[in-house]
Chemist: 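If you scroll down you'll find the structure; I have some questions about it.
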Amino acid sequence: MAQSLRVWINGSEERISGVAPTTMLLDYLRASGRVGTKEGCAEGDCGACTVAVRGERGVQAVNSCIVPLGAVSNYEIVTAEGLVRNGVLHPVQEALARAGGSQCGYCTPGFVMSLFAAQYSGERGDGVLEGNLCRCTGYLPIREAARSPSAPAADDPYFTSTQPAEAADYSVGDEHFFSPRSLKGALELLSLHPGAKPIAGGTDVGVELNKVGRRNAVLVSLAGVPELRRLTETAAGLELGGALTLSELEARLGGRVPLLETMLRSFAARQIRNRATLAGNLATASPVGDLAPVLLACGARVKLVSLGGERTVALSDFFTGYRTTVQRPGELIASVTVPKPDAPRLEAVYKVGKRGADDISTVAAAFSLELKADKIVTSARLAYGGVAATPVRALEVEQFLIGRPWTERTAAEAAGRLRGLFTPLSDLRGSAEYRRALVGNLFEKFFYEHSAEVAA
Amino acid sequence: MTRMGRGIDRIEARIKVTGEALYTADVPVENVAYGVLVGSTVASGRIRRINTREVERMPGVLRVFTHMNTRYPGEVTPETVGELRLSFSDDRVHYVGQVIALVAADSLERAEEAASLVRAEYEEAAAVTTFEMGLPSVFTPTVDEGYVEAEPDTSRGNFEAAYADAPVRFEARYGTQKYHQTPIETYATTALWEDNRLILFESTQYVVGAQTGMASVLNMNPDNIHVVSNFTGGGFGAKGHLWPHTIRTAMAARELGRPLKVQLTRPQMQTGSAYQARTQQTIQLGATEAGDIRAVSHTNISQSGLDDRVEPATDLTRVLYDFPNLITRERLVRTNHNTGGAMRPPGDGPGLFALESALDELAHQLNMDPIELRRRNHADRDPDQDKPFSGKALLECYERGAERFGWAQRDPVPRSMRDGHELVGYGMASASRLQQAMECQAAVTLHADGSAVVATGVAEIGGGSYTTLAQVAAEDLTLPYNRVAFRGGDSTLPAASGSFGSMVSASTGSAVKLAAMDARAQAARLAVADSGSPLFGVAIEDVVAQDGRLVRRDNPNRGESYASILTRAGRETLRGHGRFVPNEESPFSSYAFGAQFAEVRVDELLGIVRVSRFVGAFAAGRILNEKTATSQAKGGIIYAIGTALMEGVHHDHTSGRLINANLFDYHVPVNADIPSSKLDVIFIDDGDTAVNLLGAKGIGEIVSIGVPAAIANAVFHATGKRVRELPLTPDKLL
């Protein structure tokens with residue numbers, strides 16, 4: 001096991017040893033005097049700690065408060081301090097300062113780095129800012145800065161190495177961060193260390209480490225396992241590797257799974273999507289999940305692998321109860337297959353959150369219908385998150401719809417049945433009554449928004 | 001050439017975008033130890049035992065501080081300390097999250113680890129955990145030595161008779177939530193001692209308050225306390241006072257003989273500093289058919305915590321309109337929460353949500369335009385103090401705001417405007433804020449190289465004070481702005497006002513102006529007495545500043561620069577001093593006024609409210625820097641969109657524990673909640689020359705006032721549904 005870890009910070013190579021692999025990147029940066037990067041929440045919710053990293057997945061903005069050091073071995077890291085060259089501000093810094101985008105300034109370095117990283121991804125528009133909170137400016141001047149376009153210079157001085165190296169293992173005492181390079185390697189490590197935790201993007205694990213403590217942690221990273229990072233199109237459908245990040249899916253799906261792509265755009269925020277993975281989102285089995293209802297409506301299947309072999313289950317059979325799944329110890333989600341529809345389907349996805357972005361859903365819904373030429377429903381998948389202990393399909397109402405004409409009356413009657421179908425809980429994001437109403441109303445909205453498509 | 005009012009970039013913009021600006025937790029301190037706070041897990045009772053010995057044996061742990069080893073040597077002053085009954089005073093627990101232990105260790109990781117293992121045994125007592133639980137014991141507060149500063153009841157005229165006689169009557173109850181300021185910087189403190197001198201790096205809005213408050217509790221001479229706060233990462237009231245953890249950190253550093261640094265976690269913020277108390281307000285209005293409001297009663301019940309404190313929601317009701325017969329009442333319920341405090345905008349924020357919603361309801365009942373109702377009841381003089389206003393341009397705010405907004409396009413019938421499946425609504429509300437002031441000082445030093453330095457210990461919390469105060473001096477001296485440097489955030493500098501109560505520009509700004517005038521006068525005296533000066537022998541009153549020079553009033557070509565005056569006099573520097581003392585005997589009443597206009601879109605099927613357009617028109621005297629002021633105003637409006645649509649602190653009814661003490665569940669607006677570029681701010685000069693030397697009023701608070709009512713009124717107009725309890729969440733509209 002390697003006892004030291006190599007990173008480049010603002011262009012300088014650094015060998016780290018004696019610092020626990022679960023120490024968060026933010027804490028390391030600050031403890032080593034790079035205090036320009038701030039902590040606002042230690043949970044990946046505010047973006048104050050945003051830095052740009054360049055590793056195997058290219059240049060990305062990440063929340064450094066929930067990225068363990070072990071996950072950035074051989075990475076290049078750039079912080080707001082590193083952007084000034086020969087006393088000259090970087091264009092994004094200049095734009096923010098000019099626009100008055102900094103008031104108290106505490107969130108500013110995080111915004112700077114979100115804007116900086118967006119230059120590399122080519123991302124434009126407000127989506128770049130959704131993962132950063134500001135309480136002073138009301139965002140408008142920051143938005144103005146984000147709209148002044150710029151691109152990385154041809155002789156980019158910020159990332160120095162020609163090709164980033166692969167992540168390496170790193171240990172300190174009893175704490176290990178393994179970065180296996182094969183699926184077999186990952187599975188063997190998990191079986192060898194029974195207490196070990198698989199970690200992909202760490203957007204959940206990182207929060208847990210901050211909250212619960214990190215003694216004697218053994219983590220097995222799936223981020224560099226090639227078998228989990230493939231995206232394969234076959235006659236049957238699209239097989240999505242479990243360790244693909246949500247940003248990668250956004251970039252690579254290319255219109256092939258519109259429902260999923262729509263939901264991905266409103267999933268958390270950029271910094272989270274840069275790290276979070278498809279498998280991670282399913283494995284944590286959140287009752288909301290956001291991606292799960294979409295994949296349920298797509299009729300997706302999950303491939304699980306272990307040293308003993310592999311098996312495939314329908315996603316609708318994957319969740320067994322509140323935060324539980326059929327996944328066994330030592331088993332990993334290898335991929336999710338979205339079947340190719342035999343005929344065009346009428347589809348839509350909805351996310352109702354408590355605010356405009358960067359929140360989990362109060363209720364998420366995804367609908368997929370197949371209609372015959374005479375507008376008779378021949379197949380229906382209606383899936384929801386946030387209304388039961390698991391993401392769930394409205395099987396009874398799906399049955400009701402089959403054979404019926406796609407009319408306002410059918411939609412209204414289905415909506416009525418949907419409102420009584422689940423027994424959601426009340427919480428901060430919405431009362432049980434509100435959620436029940438939404439279950440039906442979203443379906444009505446679906447009808448209104450898509451009836452014209454059918455007529456055409 | 002005027003140097004004021006211009007949109008000038010902030011002095012500190014550069015170091016804020018590069019990450020060089022040092023906030024409290026960023027300041028490097030040699031040999032610093034780390035402290036982590038442990039909060040009570042019960043809402044009421046006594047601590048029987050804490051496993052401090054066990055925790056102190058853990059590697060790296062230096063000491064565990066609890067009530068067992070704490071004795072405060074001095075007195076707590078409510079002006080500067082946020083809680084009177086300080087944590088660690090005794091074994092009693094009053095709320096969940098009350099600090100019961102401070103664990104100090106040689107590294108942050110070790111301190112965190114050890115703090116997570118602190119266990120307390122409690123003798124639990126019954127607790128009042130929510131407002132509803134406390135409501136049956138509502139009571140009338142009495143003015144005390146703490147945070148109840150004003151008589152709870154006021155009246156004028158004869159409300160009962162006027163209400164009974166009124167042909168049109170209206171009564172309703174309104175509610176606002178418990179809100180947390182949620183600055184992005186969590187509260188941080190680093191304390192170190194040099195002999196008997198305390199150096200305190202502190203996230204604060206009030207450098208002088210931190211110094212004097214600490215001096216009082218520690219029974220020290222304030223001169224032996226040096227408070228430094230270079231930059232504060234947002235306050236909004238959360239950092240206006242000292243909190244128990246800061247005081248204990250300073251004491252612990254002394255006991256350890258080693259610097260100690262403590263930064264609150266995000267969850268600790270909700271119990272470790274102030275919040276805006278929940279209110280329940282009842283308003284009665286009695287009016288004529290023509291809309292003359294003859295009788296008003298406004299009763300506010302606010303939720304109090306450990307110390308009694310009123311969230312003063314009825315103050316503006318006495319001033320804003322000409323209500324001839326009026327009763328206001330402040331009541332309290334006590335709960336097992338920490339002590340409340342100021343949050344932007346204090347008192348008037350919750351208060352005007354109720355009053356301005358009620359006026360909208362009355363306007364609807366009278367079938368009258370909401371602006372017309374307000375015009376009819378306009379107060380030309382302050383009816384509370386019976387004094388003229390030093391400046392009031394509220395009618396112009398209505399007019400220009402309405403024009404910019406397009407209020408004339410409003411069809412008064414609720415549910416009459418729609419866009420596809422979205423219902424569209426227009427709503428408005430008035431805004432106002434008392435102009436507060438505080439005694440303070442500043443120095444302006446001219447240097448022989450022709451530059452100047454402004455020094456005053458003001459905290460820069462985001463409002464742009466360092467910039468606007470430097471502009472004030474530049475204007476007076478007629479120096480280019482880039483020749484004026486600013487030093488602030490330090491208690492060794494002349495004592496500034498607090499950065500709260502919308503008072504920095506007016507109070508500290510006045511002190512800076514006086515200091516610049518003093519420096520200028522001293523330079524003039526040197527010149528007229530110096531035979532080598534072109535101004536030699538000129539009467540002092542005939543010397544004026546122009547283009548960075550002192551010149552003869554009657555011949556601006558005769559004069560010289562500050563640099564040459566100082567150089568010839570052999571002076572490196574010349575220091576002017578300014579001391580601003582508020583005029584307690586002013587014949588005027590001074591307020592800022594405004595009008596807020598909101599357009600909302602409500603998804604009929606989902607109940608989701610979106611603020612699609614907003615216009616705020618404010619008459620707040622002279623605007624010192626258009627750029628920072630506009631940015632602050634827009635930010636304040638959006639801050640209040642959070643209050644209106646999504647925010648609220650929640651406690652578990654049974655245990656009193658905080659349910660959403662994090663940024664995942666305590667929702668504040670994100671970029672996507674902000675109207676896309678359709679947010680306009682208009683500043684109207686009310687020509688107020690009496691309010692202070694600069695004619696400037698504060699805008700930090702007024703911009704947030706009235707926003708929730710304007711939005712709620714727009715939601716009613718869109719949907720026909722009146723929501724009387726904030727926030728306007730979708731479940732209330734389906």
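Values below: every heavy atom of this structure, side chains too, minus hydrogens, waters and symmetry copies.
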Chemist: Side-chain donor-acceptor pair under 3.5 Å between A:Ser361 and A:Asp290, yes or no?
Modeler: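 Yes, A:Asp290 and A:Ser361 have a side-chain donor paired with an acceptor closer than 3.5 Å.
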Chemist: State, with a plain yes or no, whether a side-chain heavy atom of A:Leu140 is found less than 4.5 Å away from one of B:Ile674.
Modeler: yes
Chemist: Which one wins on heavy-atom pair count under 4.5 Å against chain B: A:Asp358, A:Asp427, A:Thr108?
Modeler: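 Between A:Asp358, A:Asp427, A:Thr108, the count favours A:Thr108.
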Chemist: Specify which of B:Pro669, B:Gly464, B:Ala21, B:Ala13 makes the most heavy-atom pairs with chain A at under 4.5 Å.
Modeler: B:Pro669
Chemist: Quiz question: by atom type and distance under 3.5 Å, do the side chains of A:Glu175 and A:Thr22 form a donor-acceptor pair?
Modeler: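 Yes - a donor-acceptor pair under 3.5 Å links their side chains.
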Chemist: Report which part of B:Gln181 has an atom under 4.5 Å of a heavy atom belonging to chain A: side chain, backbone, both, or neither.
Modeler: backbone
Chemist: Pairing donors with acceptors under 3.5 angstrom, does anything connect the side chains of B:His650 and B:Lys178?
Modeler: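 No, B:Lys178 and B:His650 have no side-chain donor paired with an acceptor closer than 3.5 Å.
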Chemist: Tell me, for A:Gln93 versus chain B, whether the close heavy atoms (under 4.5 Å) come from the side chain, the backbone, both or neither.
Modeler: both
Chemist: Ring centres under 6.0 Å, that's the criterion: do A:Phe447 and A:Phe367 meet it?
Modeler: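 Ring-ring flag for A:Phe447/A:Phe367: false, centres at least 6.0 Å apart.
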Chemist: Hydrogens and angles aside, do B:Glu647 and B:Tyr666 bring a side-chain donor and acceptor to less than 3.5 Å of each other?
Modeler: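 Yes - a donor-acceptor pair under 3.5 Å links their side chains.
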Chemist: Which atoms of B:Ile637 come close to chain A, meaning under 4.5 Å heavy atom to heavy atom: side chain ones, backbone ones, both, or neither?
Modeler: neither
Chemist: Tell me, side chain or backbone of A:Arg435 under 4.5 Å from chain B's heavy atoms, or both, or neither?
Modeler: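 For A:Arg435, neither part sits under 4.5 Å from chain B.
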Chemist: Between B:Thr729 and chain A, with a heavy-atom cut-off of 4.5 Å, which part of the residue counts as in contact: side chain, backbone, both or neither?
Modeler: side chain
Chemist: If you count heavy-atom pairs under 4.5 Å with chain A, which of B:Thr630, B:Asp665, B:Leu645, B:Leu606 comes out on top?
Modeler: B:Leu606
Chemist: Is it the side chain or the backbone of A:Lys38 that comes within 4.5 Å of chain B heavy atoms, both, or neither?
Modeler: side chain
Chemist: Kindly assign one of parallel, tilted or perpendicular to the pair B:Tyr23 and B:Phe231, based on the angle between their ring planes and the thresholds 30° and 60°.
Modeler: tilted
Chemist: Quick check on the interface: out of B:Val670, B:Ile638, B:Asp673, who has the most heavy-atom pairs with chain A under 4.5 Å?
Modeler: B:Val670
Chemist: Taking B:Ala672, B:Gly636, B:Pro727 one by one, which has the highest count of heavy-atom pairs under 4.5 Å against chain A?
Modeler: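 Among B:Ala672, B:Gly636, B:Pro727, the one with the most close pairs to chain A is B:Ala672.
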Chemist: Taking atom types as modelled and ignoring hydrogens, do the side chains of A:Glu449 and A:Tyr350 form a donor-acceptor contact shorter than 3.5 angstrom?
Modeler: yes
Chemist: Picking from A:Cys104, A:Ala97, A:Gly131, which has the most non-hydrogen pairs under 4.5 angstrom with chain B?
Modeler: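 The residue among A:Cys104, A:Ala97, A:Gly131 with the greatest pair count is A:Cys104.
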Chemist: Quick check on the interface: out of B:Glu20, B:Lys732, B:Gln632, who has the most heavy-atom pairs with chain A under 4.5 Å?
Modeler: B:Gln632
Chemist: Assess whether a salt bridge exists between A:Lys351 and A:Asp359, defined as any Lys/Arg side-chain N lying under 4.0 Å from an Asp/Glu carboxylate O.
Modeler: no
Chemist: Could you tell me which non-hydrogen atom of B:Gly234 sits nearest to which non-hydrogen atom of B:Pro183, and how far apart they are?
Modeler: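 Of all heavy-atom pairs spanning B:Gly234 and B:Pro183, the closest is O-CB, 3.3 Å.
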Chemist: Which one of A:Ala269, A:Cys136, A:Ala48 has the most heavy-atom pairs closer than 4.5 Å to chain B?
Modeler: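 Counting heavy-atom pairs under 4.5 Å, the top option is A:Cys136.
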Chemist: If you count heavy-atom pairs under 4.5 Å between each of A:Asp126, A:Thr79, A:Leu83, A:Ile142 and chain B, which one has the most?
Modeler: A:Asp126
Chemist: Looking at A:Arg98, A:Glu81, A:His90, which has the largest count of heavy-atom pairs under 4.5 Å with chain B?
Modeler: A:Arg98
Chemist: Side chain, backbone, both or neither: which part of B:Pro28 has a non-hydrogen atom closer than 4.5 Å to chain A?
Modeler: neither
Chemist: Please look at B:Ala633 and chain A and tell me whether the side chain, the backbone, both or neither of the residue comes under 4.5 angstrom of a heavy atom of that chain.
Modeler: neither
Chemist: A:Glu39 versus chain B, heavy atoms under 4.5 Å apart: side chain, backbone, both or neither?
Modeler: backbone
Chemist: Would you compute the distance between atom OG1 of A:Thr203 and atom CD1 of A:Ile272 and round it to the nearest 0.5 angstrom?
Modeler: 5.5 Å
Chemist: Is it the case that A:Ser32 and A:Arg34 place a side-chain donor and acceptor less than 3.5 Å from each other?
Modeler: yes
Chemist: Which residue out of B:Arg344, B:Glu12, B:Met269, B:His421 racks up the most heavy-atom pairs below 4.5 Å with chain A?
Modeler: B:His421
Chemist: Going through the checks in order, is the salt bridge (charged side-chain N to carboxylate O under 4.0 Å, His left out) test met by B:Glu112 and A:Lys211?
Modeler: CA-CA 10 Å; B:Glu112 281 172 346; A:Lys211 273 187 182 167; over 6 Å; no
Chemist: Hey, which of A:Glu94, A:Glu444, A:Gln103 has the most heavy atom pairs under 4.5 Å with chain B?
Modeler: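 Winner by heavy-atom pair count: A:Gln103.
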